[in-house]
Amino acid sequence: MLDIQLLRTQPEDVARRLATRGDEIDFTPFNALEAERKSLQQRTQDLQAQRNSLSKQIGVLKGKGEDASAVMAEVGQLGDELKASEARLAVLLEEITAFTSALPNLPGDDVPVGADENDNVEIKRWGEVPVFDFDIKDHVDIGAGLNGMDFETATKLTGSRFVVLQGPVARLHRALAQFMLDTHTAEHGYTELYAPYLVNSASLYGTGQLPKFAEDLFQVPRGEAEPYYLIPTAEVPVTNIVRDTITPAEQLPLKWACHTPCFRSEAGSGGRDVRGLIRQHQFEKVELVQITAPEQSAQAHEDLTRHAETILEKLGLPYRRIVLCTGDMGFSSQKTYDLEVWLPAQNTYREISSCSNFGSFQARRMQARFRNAQGKPELAHTLNGSGLAVGRTLVAILENYQQADGSVRVPDVLQPYMGGIKVLSAQA
RNA sequence: GGAGAGGUGGCAGAGUGGUCGAAUGUACCUGACUCGAAAUCAGGCGUACUGCAAGGUACCGUGGGUUCGAAUCCCACCCUCUCCGCCA
């Protein structure tokens, strides 16, 4: 959510900056709502003040045992207008909130302006793209050859976009998550977290998935009660830890690492990435979350992105970092780096991590604050990034480390997690 | 799932229709005393909106209702605790 003061005082500027995201916002209805709100709120509060003062008089008179009927008649005349004013004001405030909570975040000043993913800017590349002297396979064929990856059975169990992993491939998948968590906690200063996989709508509103993106979520009905939702990312439960709290400044930054499954309905992703592990309804991710003071967040964003890159480097996977342009950023983000890993079978880089600084956008929705040097509560900044998406990392390893006989080398850093296994082969 | 109790300021805890945004204790901040500290004493100490200011308004789990007036009464929901049952 954007600062409503900003919307009131410089709507043209806000509209201009949102336009760079491709969102053409007409502030005319907002300005009209605000104008009515302002006068009506003053009038309502004035009436409330009169009522309060007269009611107090009634109390005093009755306390003395005197007759209060004259004053009661007077205050009774306020009643109808007051009720109408309060009701209308509630409607106005609801409409204003509906408008503001649907506005995306403002792009940072240093974010390149662009229309879509073609305007993203590559920042760096790391690693040597492997050269193969044999006909390479994609991860689906490699996985099948290892007898470790079965999409047909998963389709029987559930439906499309699910998978069953088996044997050493399943173990490698687990090893990756363990390795990522261990690295972030031991070397990057994050505290490990275990968090709920089902959340309520307030949490999803806090991080910005609701109200606009309900169709991307799996909902769990609970009869009469409010539904729960399967988390689309650990960002939701972890960031919402600080919802409605005031954190002492000396505890910042909060740094959390959390490994969870993620569930996405992938509505509207139609025929994209139907083959393989790239786009599933359920996948594992190790998420990094930081809660910082405003002046710390830009540096924290750089640090957090480096933490994710470190995983790729330790695994020896070639990648590049791009900065998303204004038109390609997520709803809540102020600035986003994507890390893209090299996938030989696709002959291209594919997203494996997305690291964002949300500024105060989520914090304002969540009322996540800290006590600043003046002792006053102030909105914190929130950040998160994948460190990394486990399923896609598995894909990258299978494809980049494949050998002519269909076996796959295990990266050195993972071997301790694999009981010393150095190569995955069909016999293993 | 059944029965009961309860949700008030950082924490503890009073308040069952009127001058209550809310006693008291504690924690915290400032000052006095002290070489310094402890103890003691005095003062301060929620959030948000609005106003140049004085001030005004809202908030006692959430949402409705009754009333001139609600922390207090009524209804629904959420959550917590205790006991019983069930259970990874």
Side-chain angles (χ1 to χ4, degrees), chain A residues 1-9 30-31 33-101 194-206 210 219-229 237 240-252 254 261 360 363-380:
Chain A
M1 189 130 72
L2 298 174
D3 183 359
I4 192 152
Q5 301 294 355
L6 199 63
L7 301 180
R8 286 172 186 156
T9 55
F30 172 77
N31 292 333
L33 287 170
E34 267 295 306
E36 189 184 350
R37 188 224 98 233
K38 191 165 181 164
S39 64
L40 188 64
Q41 185 167 354
Q42 274 168 9
R43 178 64 185 155
T44 305
Q45 295 192 352
D46 186 49
L47 288 168
Q48 287 171 329
Q50 290 182 45
R51 179 204 60 198
N52 289 348
S53 130
L54 289 172
S55 292
K56 228 166 231 185
Q57 286 182 33
I58 294 171
V60 171
L61 288 173
K62 288 200 167 178
K64 292 184 195 159
E66 295 176 15
D67 175 37
S69 56
V71 186
M72 287 178 71
E74 192 180 345
V75 74
Q77 290 172 357
L78 296 176
D80 285 348
E81 187 186 351
L82 181 56
K83 266 205 173 76
S85 295
E86 285 177 334
R88 175 65 186 153
L89 186 61
V91 170
L92 284 174
L93 291 175
E94 212 165 284
E95 288 176 357
I96 288 169
T97 302
F99 178 84
T100 56
S101 63
Y194 172 80
Y197 302 160
L198 291 169
V199 293
N200 56 34
S201 61
S203 293
L204 288 157
Y205 177 83
L210 290 180
Q219 205 177 101
V220 180
R222 294 196 301 146
E224 297 299 298
E226 288 281 305
Y228 286 157
Y229 298 82
N240 273 280
I241 288 172
V242 294
R243 170 153 55 88
D244 293 322
T245 64
I246 300 176
T247 306
E250 62 269 20
Q251 288 180 17
L252 298 179
L254 297 170
S360 58
R364 188 170 291 106
R365 289 173 160 249
M366 291 190 297
Q367 285 300 295
R369 295 175 291 177
F370 71 102
R371 213 166 274 285
N372 65 20
Q374 289 73 46
K376 285 289 164 195
E378 183 179 338
L379 292 172

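Proteins come first, then strands; the chains are lettered A, B, ... in the order of their sequence lines, and each starts at number 1.
Only the C1' atoms considered, B:U16 is 22 Å distant from B:U80, to the nearest whole Å. Comparing the P positions of B:A71 and B:C20 gives a spacing of 12 Å, expressed to the nearest Å. Taking atom C1' on both B:G31 and B:G46, the two are 23 Å apart, rounded to the nearest angstrom. Distance check on atom P: B:A58 versus B:G4 gives 37 Å, rounded to whole Å. Spacing between B:A5 and B:G18 at atom C1', rounded to whole Å, works out to 30 Å. Going from the P atom of B:A53 to that of B:G64 covers 31 Å, rounded to whole Å. Nucleotides B:A22 and B:U57, compared at atom P, are 12 Å apart to the nearest Å.
Looking at heavy atoms from C-beta onward, A:Val199 lies out of side-chain contact with A:Asn240 at the 4.5 angstrom threshold. Under the 4.5 Å side-chain criterion, counting only non-hydrogen atoms from C-beta, A:Asp244 is not in contact with A:Met366. Within the 4.5 Å cutoff, no side-chain heavy atoms of A:Glu226 are placed close to those of A:Asn200.
Neither OP1 nor OP2 of B:C78 sits under 4.0 Å from any side-chain N or O of A:Arg222.
At the heavy-atom level, A:Arg43 lies nowhere under 4.0 Å from the strands shown. Backbone-only contact: A:Gln5 has heavy atoms under 4.0 Å from sugar-phosphate atoms and none from a base. Contacts of A:Asp46 with the nucleic acid, taken as non-hydrogen atoms under 4.0 Å apart, are absent. Among the atoms of the strands shown, base atoms are found under 4.0 Å from some heavy atom of A:Lys62. Looking at heavy-atom distances under 4.0 Å, A:Arg364 makes no contact with the nucleic acid at all.
Base pairing annotation: B:G9 forms no Watson-Crick or G-U wobble pair, as no partner gives both donor-acceptor distances under 3.5 Å. For B:A88, there is no paired nucleotide, since no Watson-Crick or G-U wobble pair has both relevant distances below 3.5 Å. Across all strands shown, the partner of B:U57 is B:A48, judged by Watson-Crick or G-U wobble contacts whose two distances both fall under 3.5 Å. When both pairing distances are held under 3.5 Å, B:U30 makes a Watson-Crick or G-U pair with B:A42. The nucleotide B:G69 finds no pairing partner, because no Watson-Crick or G-U wobble arrangement with both distances shorter than 3.5 Å includes it. Across all strands shown, the partner of B:C81 is B:G4, judged by Watson-Crick or G-U wobble contacts whose two distances both fall under 3.5 Å. The partner of B:A76 is B:U62, judged by Watson-Crick or G-U wobble contacts that both fall below 3.5 Å.
Comparing A:Lys38 and A:Val60 by the nucleotide of RNA chain B that holds the closest heavy atom to each, the one mapping nearer the 5' end is A:Val60.
Rounded to the nearest 0.5 Å, atoms CD1 (A:Ile96) and CZ (A:Arg37) are 6.0 Å apart. Between A:Arg365 atom CZ and A:Leu204 atom CG the span is 10.5 Å, to the nearest 0.5 Å.
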